[in-house]
Every structure is written in C-alpha cells, then in structure tokens.
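See below for the structure under consideration.
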Amino acid sequence: MRILVTVKFVPDLQSQRSFTDGAVTRTGDDGTMNELDENAVEAALQLKEAAGEGEVYALTVGGDDAVAAVRKALQLGVDHAIHVCDAGIAGSDVFGTAAVIAAAVRKVHNEAPLDLVITGMAALDGLTSMLPTALAADLGWSQLTLASGLTVEDGTATIVRHLPDAHETVAAPLPAVVSVTDEANKPRYPNFKLIMAARSKPVATWTLADLGVDASSVGAGAARTVVVDASPRPPRENRVTVTDTGEGGVALADFLIEKGLA
C-alpha cells in the first residue's frame, strides 16, 4: 500500500489574521500543520497498518516555513516527506496549487505506483474544499470526497459519506484521490521516539523545474481568482453589559424579545 498525503502549513487559528498583496500574511512563528490534515495522515497510517506493509508520503507546497507541516507528519509516523518550494508558486489559486501537487504526485507515482492520495476535507485558511476535486481532475484519477470512513480491498477504495439527510457508500477503483472529514478517525499523538527521529529525517525539496511545471502556468499571474479588498472586522458598537444580580435571565429574555429573537 503506497499512499501520499497532502498537508498544508496554515496560520494558527488563534493568531491575528492579515493580508499582504491580496494573500494571507504567513509567518513561521504562528503557523502550524492544517488541523484537518491530521485526519488524512491518520487515515493513511491506518490503511498501511491494516495492509501490513507499504509507505506513506507527506507532501506540502509552500515557502520555507511550510516544511514544518511535513515535519509534523513525520512525527506522526509517515515514512517520507516532500516539500515543494518555489517562489513562482506564490499567489497560486486552487487550480494552480492542484497543478503543482499533481505534478509532484506523478513524480512519486512514476517511481513506483501510488494507490491513493489522501487529503483533509479543507484547509482552515481558505475553506474552499475544492483542492481534492481539482487534483483528481488534473490527475485523471477517481475521486471520493468527504469520507467519514475509508476502506481499501481488492483494488477498490470504499468510503462512507454522511450527508444531512442520508448516508452514502461510494466505491472507486485505485488509484484514487480521497478527502476525509474530521469524523473519519481520531488522529494519534506523536510519541517521543518519532518526534526525535523526525528532527533528522530527510525532507526532499523540489522546485517547479524538478516537476517540469512552467512557472507561467501557476502563481499569482495565472490565478483565476483575485482578492480585491480585505479589511479588519469593525469593532462592535453599542454593547450593553448586564451585571447579573439574580435578574440576568429576565434581562436576557427581554433583550431577545425586543430583537424579535424569541
């Protein structure tokens, strides 16, 4: 079982967000591996363990700081780490990012066939959930998205997808691109041995030239979407503070009735 997991370096959710030239400002001191990608890593590790053999690759795309994402994946137990880092990628939209990841997947796949690419359900800095579909389309592989459960048997991947009014079971032949939700599993914690080993494990660094990707086809210049404006949320005004001396519940009820909310 050979699996590649995509992981993204994103700003910490608790940090102050800002934009620079229409893109989220990213600094190494407040970044982290996308929390939802931990479910993807866990899904890959569980499949490898169930098969009794295999390799799991972690792949990230981003600037120098993004290597922290694959370092975290190594701490969780993946076997290999790849960091695609090239100034020409900066400003890419989901389609440009998918093209770069697809090229990296092909490079790994050509060395030895992959069975699956697993992603998280979304990146917490963008929340588009579009990457898995765009990646599958670029690769020409089957896609199984928003999986709450994932199994692989006899060359077929099967997922369970939970919808608001139904549960679906969907299957597709390998190789396939699968995105998993935070319901798919409970990510493991890294143990001390893996944390120490991850410090010295090699991380392959690839550029656009290594992947055979034309720089003019990705990056801000090729993006199909543009952030026109971004501004801080205005401060709340006309706040009313009620000190509860035993009548707090009544004051809240009166407020809700006044606003037509009750």
Of all heavy-atom pairs between [X] and [Y], which one has the smallest distance, and what is that distance?
X	Y	result
Gly120	Ser179	O-CB, 3.7 Å
Val218	Ala99	CG1-CB, 4.5 Å
Thr181	Ser148	OG1-OG, 3.7 Å
Thr133	Thr145	OG1-CG2, 4.0 Å
Ala102	Leu139	O-CD2, 3.7 Å

- Item | CD/Glu111: more than 12 non-hydrogen atoms of other groups inside 6.0 Å |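 Correct, the count exceeds 12.
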- For Glu49, look at atom CD and say whether over 12 heavy atoms of other residues, nucleotides or ligands are found less than 6.0 Å away.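 For Glu49, atom CD is crowded (more than 12 foreign heavy atoms under 6.0 Å).
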Using a 4.5 Å cut-off on heavy atoms from C-beta on, say whether the side chain of [Y] contacts that of [X].
X	Y	answer
Ile195	Asn191	no
Val78	Ile3	no
Glu35	Leu124	yes

- Task: Apply side-chain hydrogen bond (donor to acceptor under 3.5 Å, both in side chains) to Ser216 and Asp214, showing your working.
- Result: CA-CA 5 Å; Ser216 67; Asp214 183 354; 2.9 Å; yes
- Decide side chain to side chain contact (heavy atoms under 4.5 Å, CB included) for Val5 and Thr119; before the verdict, give the C-alpha distance in whole Å, the side-chain angles of both, and the deciding distance to 0.1 Å. CA-CA 6 Å; Val5 182; Thr119 78; over 6 Å; no
- Message: Between Lys8 and Asp125, is the salt bridge (Lys or Arg N to Asp or Glu O under 4.0 Å) condition met? List the steps.
- Response: CA-CA 10 Å; Lys8 188 175 184 182; Asp125 59 344; 3.2 Å; yes
Lys/Arg N to Asp/Glu carboxylate O, [X] vs [Y], below 4.0 Å:
X	Y	result
Glu38	Arg188	no
Asp254	Lys259	no
Asp210	Lys107	no
Asp79	Lys48	yes

Donor-acceptor pair, distance only, cut-off 3.5 Å: does the side chain of [X] make one with the backbone of [Y]?
X	Y	result
Arg71	Ala81	no
Asn110	Arg106	yes
Thr60	Val7	yes
His80	Ala204	no
Ser129	Met121	yes
Glu53	Met1	yes
Asp93	Gly96	yes

- Message: Check for me whether Arg2 meets the cation-pi criterion with Tyr57, that is, NZ or CZ under 6.0 Å from the six-membered ring centre and within 45 degrees of the ring axis.
- Response: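 Cation-pi check for Arg2 and Tyr57: fails.
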- Message: Between Leu131 and Thr128, is the side chain to side chain contact (heavy atoms under 4.5 Å, CB included) condition met? List the steps.
- Response: CA-CA 8 Å; Leu131 179 66; Thr128 68; 5.7 Å; no
- Item | Residues Asn39 and Asn185: side-chain donor-acceptor under 3.5 angstrom |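 There is such a pair (donor and acceptor under 3.5 Å, judged by atom type) between the side chains of Asn39 and Asn185.
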- Task: Please step through side chain to side chain contact (heavy atoms under 4.5 Å, CB included) for the pair Thr32 and Phe9, ending with a clear verdict.
- Result: CA-CA 6 Å; Thr32 183; Phe9 184 74; 5.6 Å; no
Listing, residues 165-173 side-chain donor-acceptor contacts under 3.5 Å, not counting sequence neighbours, or none:
{"from": "Glu168", "atom 1": "OE1", "to": "Arg161", "atom 2": "NH1", "distance (Å)": "2.7"}

